[in-house]
*Asks:* 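What follows is a single structure, and I will ask about it in a moment.
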Number of protein chains: 2
Amino acid sequence: MAEKVTIATVARHARVSRQTVSNVLNAPHIVREETRQRVQEAIAALGYRASQAARQMRTGRSRLIAVRIEPTRDGINGSVLDRFLHGLTETAEAAGYRTMLYTASDTAREIAAYDDLLSAYDLDGFVLTGTHHGDPRTAWLAERGVAFVTFGRPWDDPEAHPWVDVDGAAGTGRATGHLLARGHRRIGFLGWPAGSGVGDDRRAGWREALRAAGIDPTGLDRETEDGIAEGERSMRDLLATDAPPTAVVCASDSLALGALQAVRAADPPVAVVGFDDTPVAAAVGLTSVSQPLGDAAARCVDLLTAVLDGDQQTPAPVLLQPSLVLRHTA
Amino acid sequence: MAEKVTIATVARHARVSRQTVSNVLNAPHIVREETRQRVQEAIAALGYRASQAARQMRTGRSRLIAVRIEPTRDGINGSVLDRFLHGLTETAEAAGYRTMLYTASDTAREIAAYDDLLSAYDLDGFVLTGTHHGDPRTAWLAERGVAFVTFGRPWDDPEAHPWVDVDGAAGTGRATGHLLARGHRRIGFLGWPAGSGVGDDRRAGWREALRAAGIDPTGLDRETEDGIAEGERSMRDLLATDAPPTAVVCASDSLALGALQAVRAADPPVAVVGFDDTPVAAAVGLTSVSQPLGDAAARCVDLLTAVLDGDQQTPAPVLLQPSLVLRHTA
DNA sequence: CTCGCCGTCTTGAACGATCCAAATTGGATA
DNA sequence: TATCCAATTTGGATCGTTCAAGACGGCGAG
């Protein structure tokens, strides 16, 4: 077992003081080039690595960011978080930060988790996913001056804090545009009940695209909770109207999957487009709107590190564009 | 902004020494009940939380465990890791540990990551997933006396280190048994090329179940890489033989999905069973072998904390039983 | 020539917890 | 009352790093 190598070991080996070694690591420009090299060689030779615990105790910073891992609800959207997490971890590592996970079954517990993580582990920042109207979490964090970024817009005040989001309206708009280009006129929409920022945004994209094409969207959409069974039911409902749609855009792949069940035997076939490009969509050949999750995660880290590494003003938010992945359902 | 509350603040408030506060937290039995309560009240009143950094510096332990987050390969198996991670984080929190993520694109980099995590963050332990024959990672960790558990058996020496696994052979055996009970006799198997512990295990379960029923499995299985297209190809190959199977068990949901494509129009229908019970399986109604991932994660944490909290001898490995989730493909 | 300044490097103290050895307490015993 | 022992409690040292302040030599300006 090798002896533990500390900054003092390196200092002795390079015949300088502890502080000089510290400076080489944290403020290289104030050290003479020759000395710097000597110290660097000693570091490499001894395989020295700064103890985060000691550094953290002195500076109060941990180089740790936290992100919540949610229980996968219906399972289909699980892989979204998965890809996001991977991107986040990878980009954070490149920026010298590590990623810590936590769970929380409701908002109150989540805030308690913040408190614990901050006071026990001195976390530097948080990445929140899935914000909603009047989210108490962002208020709590902002009040205490904790650095954080949300993946998802603050639906109340776009200037409230740094955020990264994917332009859902553009996504459904693009999907609708694609269907229009294929000659569809009566294009339906299956979405969630009004009130969720994300859901309203996606619905708006579809509505505006239809309006722009001179089509009245009235009566062509349905509101329902997320889920395959719910999607199927709403789609049947839509098909039973006087002027049933010949194509439908959905707010999620779950709904789209349900819609697919409902139109299975339809002739001529009804086109279906989902949202999120989950593995399920890929497996069943469902055309879907794909979010650039890797990019989104990377931008989250960028914003967070910008705040942490001293930028005073909150960095500009980032709105990414989704793309339409064409498969054989539309 | 509230003042930082340290162990000294609590000590002053409860009119005891710092060490007594420390004892209340770490060795309550040596403190008089009355004193203990007074200190506990002070802790609660002040909202004190021990600084992990300071504790870690003194004790060398961080109460942190690390797990690798993999890039989701074909996407379908992504959610497996997802559910596992959630269970891991939740159980670890209950045991007073936090979970840290890291990425690594190959084994050499992964070992470099261990080195970094250990020397910079003083990680207490690792959870490895997906072990294979002659895995250099376990050797590296064992050599340095680092605590770790694998989710997946050590295929070379079952006593090498603590592990948790799901009995894949029992899973495919159960699936085969179910098909036999439904009257199928020629039951095929789609699996991966020989050499992977997991794959060989799953194939063996099917083979033994057939043998036990007095059926010769020869010629009824195929070896292929994982993937939907690969599954479809292998299934067509199997159907083109003199005595095509009337049912097939697959080593993964990806292969099963491919098989489903291949037998779509078959009459009488060919039964298909997948493995892993992924969201895709649920979505398309594929009968599949389900792994108790939450349990597995919890047991991983149990074993790891047992090692960390002083148990000298390596705790007994855990082999969990999968279950068959019946849907309409079998 | 002296002063002050700059660039470079060094020394002592501090972060907040635990370990260790020593001191105090209270009660039982001589 | 003095003594001893066990149960509690205490104070100082320590982990490895960075901060703050100071030391040193050389150089240009006054």
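Being a predicted model, the structure only gives us computed values, none of them experimental. Sequence lines set the chain letters: A, B, ... in the order given, protein chains first and strands last, and positions in each chain run from 1.
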*Asks:* Within 45 degrees of the ring normal and closer than 6.0 Å to the centroid, is that where the cationic atom of A/Arg68 sits relative to A/Tyr102?
*Replies:*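 Here A/Arg68 fails the 6.0 Å and 45° test against A/Tyr102.
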*Asks:* Five pairs per end, C1' atoms only: what is the angle between the end axes of the helix from C/dC1-D/dG30 to C/dA30-D/dT1, to 10 degrees?
*Replies:*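 Answer rounded to 10°: the end axes differ by 70°.
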*Asks:* Over how many whole Å does the gap from B/Leu25 atom CG to C/dT18 atom P extend?
*Replies:*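 B/Leu25 atom CG is separated from C/dT18 atom P by 7 Å.
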*Asks:* Can you check the A/Arg12 CZ to C/dC9 P distance for me, whole Å?
*Replies:*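 Taking CZ of A/Arg12 and P of C/dC9, I get 19 Å after rounding.
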*Asks:* Which is it for A/Leu25 and A/Ser22 under the side chain to side chain contact (heavy atoms under 4.5 Å, CB included) test, yes or no, and what are the steps along the way?
*Replies:* CA-CA 5 Å; A/Leu25 294 172; A/Ser22 174; 5.9 Å; no
*Asks:* First contact, last contact: which nucleotides of DNA chain D are these for chain A, 5' to 3', heavy-atom distance under 4.0 Å?
*Replies:*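 Nucleotide range with atoms under 4.0 Å of chain A: D/dG16 to D/dA20.
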*Asks:* Could you verify whether a donor N or O on one side chain and an acceptor N or O on the other, from A/Ser62 and B/Gln52, lie under 3.5 Å apart?
*Replies:*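 Judged by distance alone, the side chains do not pair up.
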*Asks:* Is atom NE2 of A/His13 surrounded by more than 12 heavy atoms (other residues, nucleotides or ligands) closer than 6.0 Å?
*Replies:*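 At most 12 heavy atoms, drawn from other residues, nucleotides or ligands, come within 6.0 Å of this atom.
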*Asks:* So, the side chain of B/Asp124 versus the backbone of B/Arg61: is there a donor-acceptor pair under 3.5 Å, distance only?
*Replies:*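 No, because the side chain of B/Asp124 does not come within donor-acceptor range (under 3.5 Å) of the backbone of B/Arg61.
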*Asks:* For A/Arg36 and C/dC9, what is the distance between atoms CZ and C1' respectively, to the nearest whole Å?
*Replies:*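 Atom CZ in A/Arg36 sits about 16 Å away from atom C1' in C/dC9.
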*Asks:* Do A/Glu93 side-chain atoms and B/Thr103 backbone N/O form a donor-acceptor pair below 3.5 Å?
*Replies:*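 It does hold such a pair.
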*Asks:* Applying side chain to side chain donor-acceptor pair (under 3.5 Å), which residue pairs with at least one partner in residues 37-46 of chain B are found, sequence neighbours left out?
*Replies:*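 Only B/Glu33-B/Gln37 qualify under side chain to side chain donor-acceptor pair (under 3.5 Å).
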*Asks:* Using whole Å, report how far CZ of A/Arg15 lies from C1' of C/dT8.
*Replies:*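 Nearest whole value for this atom pair: 17 Å.
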*Asks:* What is the separation between atom CE on A/Met57 and atom P on C/dA14, rounded to the nearest whole Å?
*Replies:*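 Going from A/Met57 (CE) to C/dA14 (P), I get 14 Å.
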*Asks:* Considering only heavy atoms from C-beta outward, does the side chain of A/Leu141 approach that of A/His161 to under 4.5 Å?
*Replies:*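 The answer is no, as the side chains (C-beta and beyond) never meet within the 4.5 Å cut-off.
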*Asks:* Look only at the side chain of A/His86 and the backbone of B/Ile69, and say whether a donor-acceptor pair between them is shorter than 3.5 Å.
*Replies:*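 Yes, because the side chain of A/His86 sits within donor-acceptor range (under 3.5 Å) of the backbone of B/Ile69.
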*Asks:* Could you check whether any side-chain N or O of B/Arg299 sits under 3.5 Å from a backbone N or O of B/Gly294, counting only pairs where one atom can act as donor and the other as acceptor?
*Replies:*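 Checked: no pair found.
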*Asks:* B/Gln19 CD to C/dT18 C1': how many Å, rounded?
*Replies:*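 Rounding to the nearest Å, CD of B/Gln19 and C1' of C/dT18 are 6 Å apart.
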*Asks:* Under 4.0 Å between a side-chain N or O of B/Thr6 and OP1 or OP2 of C/dC15?
*Replies:*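 Negative; the distance criterion is not met.
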*Asks:* Could you pick out which residue, B/His29 or A/Ser22, lies toward the 5' side of DNA chain D when each is mapped onto its nearest nucleotide?
*Replies:*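 With B/His29 and A/Ser22 compared, the 5'-side residue is B/His29.
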*Asks:* Under the side chain to side chain contact (heavy atoms under 4.5 Å, CB included) rule, what do A/Asp106 and A/Arg109 come out as? Steps first, then yes or no, please.
*Replies:* CA-CA 5 Å; A/Asp106 58 52; A/Arg109 271 177 245 263; 3.1 Å; yes
*Asks:* Should A/Thr20 be listed as having a side-chain N or O under 4.0 Å from OP1 or OP2 of C/dT10?
*Replies:*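 For A/Thr20, the contact criterion (side-chain N or O under 4.0 Å from OP1 or OP2 of C/dT10) is met.
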*Asks:* Is there a residue in residues 39-54 of chain B whose heavy atoms reach under 4.0 Å of DNA chain D, and which residues are they?
*Replies:*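 Those residues: none at all.
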*Asks:* Between A/Arg32 and C/dG7, does any side-chain N or O lie under 4.0 Å from OP1 or OP2?
*Replies:*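 Answer no for this pair, as no side-chain N or O of A/Arg32 is under 4.0 Å from OP1 or OP2.
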*Asks:* Where along residues 58-66 of chain A does a heavy atom come under 4.0 Å from DNA chain D, residue by residue in number order?
*Replies:*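 Hits under 4.0 Å, by residue number: A/Arg58, A/Thr59.
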*Asks:* Any luck finding a side-chain donor-acceptor pair between B/Tyr121 and B/Gln56 under 3.5 Å?
*Replies:*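 B/Gln56 and B/Tyr121 do not have a side-chain donor-acceptor pair below 3.5 Å.
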*Asks:* Checking B/Asp116 now: which residues fulfil side-chain hydrogen bond (donor to acceptor under 3.5 Å, both in side chains) with it, not counting sequence neighbours?
*Replies:*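 side-chain hydrogen bond (donor to acceptor under 3.5 Å, both in side chains) list for B/Asp116, sorted by chain: A/Arg49, A/Arg98.
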*Asks:* Could you give the CZ-to-P distance, from A/Arg55 to C/dA17, as a whole number of Å?
*Replies:*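 It works out to 21 Å between those atoms.
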*Asks:* Checking B/Arg63 side chain against B/Gly96 main chain: does a donor-acceptor pair fall under 3.5 Å?
*Replies:*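 Pair found, side chain donor or acceptor close to backbone of B/Gly96.
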*Asks:* Please state how far atom CD1 in B/Ile7 lies from atom C1' in C/dC15, giving the value in whole angstrom units.
*Replies:*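 From B/Ile7 CD1 to C/dC15 C1': 14 Å.
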